[in-house]
Amino acid sequence: MSRIFKIVIFSICVSLSFLIGIIDATADYKTNQLSINKPISEKIGGFIYPYYQNESDVSTQVKALKNVGVKYARVPAEFSTKTMLNGSFEIKKLVDTVQKLQSVNIIPIIYFGSEGGAKFPANLNPDLVRSLVKEVVCKFANMGVIWESWNEPNELFWVSNKIEASTNSETIKSWVTMDKYIGSVIQRYDGNSPYIIGNFAGSLSDDRLTISIANEQGLFEVGDAISFHPYPLQRINNGRPENLSYTMEPSIIALDRRLPIVTTEIGYSRLKRTNFLNHGRLDYYFDWQGSWSTKEQGDYLVRSLLMLDSMKEPIICVFSTAYDNYSITDRSGNLNYAGKQLRNMLRQLSGYAYARDLLSNSMNSSQHALLYKDGTREKVVAWVSNGTARVTIYFGKGIKRSVCLTEKPKFFDLSSIQNEGRLKRYVLCGVVILASITLFILDKRIRR
């Protein structure tokens, strides 16, 4: 075999090894981000809005999310009157936001969208949008971001008529075509990164017809996961998050591909007490979902994340961080009650992955005790969906305990509980031995 031939063979082998390495790296990154079995602390994300006039707003939001301890932050590439100038997208604020997030090890999820309620494409020319999409993807290619399709196209962010957005086949085809184009651009320029498709307003059960039509038109052929925004409505059981076990059950729809389900928006709106001001700007007050007390907002939010995690969702993002009646911060950018409860949950369950519901066989479906594991370490988080109740929980190794549960989740460290149980057994055993010895001695004295 000639020397040149050997060199050629060697070069081909090296090239193939390099190519296989790239493919494996791509698969590993996507697999890791969309793993349904990873710890809950590796699943939770927040929301950042980059386009306020005051640039300090972004830094405040990033600081708050870092304080909470989230893994992801959803950020819009928004083509609107706020961001467009003479047909050009002012990308600087998006770049600055992504850089700030990555500097504190938060992974950005960049999604595309425009202003709500405006007829598309009259508001934006589709050819221009495709050009802007390519510009954004190329700007952040190979930077470790996650991509998401057009925001809530089945609502008012594609057309001004919700019924048309949800059920008109031609309208659905128009945004499916755009989402597939976005996917093709990502595949070409940033194929290492996951592309989340759907970005649907509502839950799985809300728009079965829309999802079915979009599936027939090939929407889910280009994505790595499907995203929804399953905000619970107050008019249904006061919006209690336990309803998610029904509205987000994947079996209610039939898809050609078995893609993971993710939630990229969920939250609860607080009662309106004062105007929501942020650096002199009147922020939005949202009331379409309903309104809850500050305590309900925090407790329901944490429970909704726990429910979605128990349904094996790999990414779950909270809305929002900036100061409005959904936010997890107060006017000064400090964590409010909801933000503190979210932070506490992530600290309590840092490194822990969901295992099972210890009360799954209970006759009372309003009671939950979720078992989480981190290697040999175990914790349980438990609550009731309404009011208070005394519940008996079996913690394993023959240990059961009657505990008073409320709507605020409680955390139990099983190692502490089992050690307490072991200590009680030792004490009881010691008492029995001591009593036996005492009786033996007394018996001896009586016999004398």
Side-chain angles (χ1 to χ4, degrees), residues 18-38 42-48 50 62 65 70-79 89 91 93-113 129-151 153 175-200 218-229 257-265 313-317:
F18 180 72
L19 180 60
I20 291 170
I22 292 176
I23 293 172
D24 287 343
T26 301
D28 286 346
Y29 183 70
K30 289 185 178 182
T31 300
N32 290 339
Q33 300 308 321
L34 297 176
S35 170
I36 62 175
N37 296 315
K38 62 185 177 180
E42 299 294 313
K43 292 183 175 185
I44 305 302
F47 178 88
I48 294 283
V62 172
L65 289 183
V70 300
K71 176 74 172 181
Y72 303 101
R74 195 163 171 264
V75 187
E78 181 183 292
F79 309 136
F89 175 52
I91 200 171
K93 287 186 176 181
L94 182 59
V95 171
D96 291 344
T97 301
V98 169
Q99 289 176 344
K100 285 182 171 69
L101 287 169
Q102 292 184 325
S103 71
V104 294
N105 298 317
I106 296 176
I107 298 175
I109 301 175
I110 301 176
Y111 71 91
F112 298 92
V129 173
R130 283 190 281 269
S131 174
L132 297 174
V133 165
K134 182 177 177 181
E135 176 188 351
V136 172
V137 172
C138 290
K139 183 68 177 180
F140 298 103
N142 302 311
M143 289 180 61
V145 305
I146 294 174
W147 299 99
E148 190 178 16
S149 58
W150 196 270
N151 184 55
W175 54 258
V176 166
T177 300
M178 179 60 74
D179 284 350
K180 291 172 73 173
Y181 171 77
I182 294 172
S184 68
V185 174
I186 292 168
Q187 182 60 40
R188 179 175 179 181
Y189 296 101
D190 195 21
N192 293 357
S193 298
Y195 176 42
I196 300 173
I197 201 77
N199 211 340
F200 293 115
L219 176 63
F220 305 115
E221 296 172 0
V222 295
D224 301 299
I226 309 172
S227 57
F228 293 85
H229 303 163
R257 295 181 64 197
R258 298 293 295 174
L259 299 177
I261 303 297
V262 304
T263 292
T264 49
E265 271 190 38
E313 293 200 8
I315 296 175
I316 311 163
C317 292

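Position 1 is the first residue of the sequence; numbering continues from there. All heavy atoms count here, side chains included; hydrogens, waters and symmetry mates do not. Given the structure is predicted, the values throughout are model-derived calculations rather than measurements.
Of all heavy-atom pairs between Y29 and N192, the closest is CD2-O, 3.4 Å. Residues K43 and I36 share a closest heavy-atom pair of NZ-O, 3.0 Å. Closest non-hydrogen pair, A77 versus L94, comes out as CB-CD2, 3.9 Å. Between F200 and I226, the shortest heavy-atom distance links the atoms CE1-CG2, 4.2 Å. Closest approach of K134 and Y189 over heavy atoms only: CE-OH, 3.1 Å. Nearest approach of P50 to P76, heavy atoms of both residues: CD-CD, 3.8 Å.
Listed for the Q33 side chain is no donor-acceptor partner under 3.5 Å among the backbone atoms of P194. Judged purely by atom type and a 3.5 angstrom limit, S35 has no side-chain atom pairing as donor or acceptor with the backbone of T31. Of the possible donor and acceptor atoms, one in the side chain of S149 sits under 3.5 Å from a partner among the backbone N and O of G198. Between the S193 side chain and the V145 main chain, a donor and an acceptor come within less than 3.5 Å of each other.
The closest side-chain heavy-atom distance from I315 to L34 is below 4.5 Å. Within the 4.5 Å cutoff, the side chain of V222 has no heavy atoms near those of the S184 side chain. For the pair F220/I197, a side-chain contact is recorded, criterion being any heavy-atom separation below 4.5 Å from C-beta on.
One distance of note links CG of D28 with NZ of K30; it measures 12.0 Å at 0.5 Å rounding. To the nearest 0.5 angstrom, L259 atom CG is 11.0 Å from I196 atom CD1. If you take NZ on K139 and CD1 on I91, they are separated by 6.0 Å, rounding to the nearest 0.5 Å.
For D179, there are no side chain to side chain donor-acceptor pair (under 3.5 Å) partners two or more places apart in sequence or in a different chain. Every residue two or more places apart in sequence or in another chain that forms a side chain to side chain donor-acceptor pair (under 3.5 Å) with T264 is listed here: E148, H229. In this structure D190 satisfies the salt bridge (charged side-chain N to carboxylate O under 4.0 Å, His left out) test with no other residue, sequence neighbours excluded. Residues forming a side chain to side chain donor-acceptor pair (under 3.5 Å) with E42 (at least two apart in sequence, or on another chain): K71. F89 pairs by the ring pair (Phe, Tyr, Trp, His ring centres under 6.0 Å) definition with F79, not counting sequence neighbours.
Within a 6.0 Å radius of NZ in K38, other residues, nucleotides and ligands contribute more than 12 heavy atoms.
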Please tabulate, one pair per line, all N/O donor-acceptor pairs under 3.5 Å involving side-chain atoms of residues 101-112, not counting sequence neighbours.
unit_1, atom_1, unit_2, atom_2, d
Q102, NE2, M143, O, 2.8
S103, OG, K100, O, 2.6

Q: Determine, stepwise, if the pair W150 / V129 fulfils side-chain contact (heavy atoms from CB on, under 4.5 Å).
A: CA-CA 11 Å; W150 196 270; V129 173; 3.7 Å; yes
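In the model, Y195 has no side-chain atom that pairs as donor or acceptor with a side-chain atom of Q187 under 3.5 Å.
For the side-chain contact (heavy atoms from CB on, under 4.5 Å) with S227, the qualifying choice from N199, T263, N151 is N199, the only one to do so.
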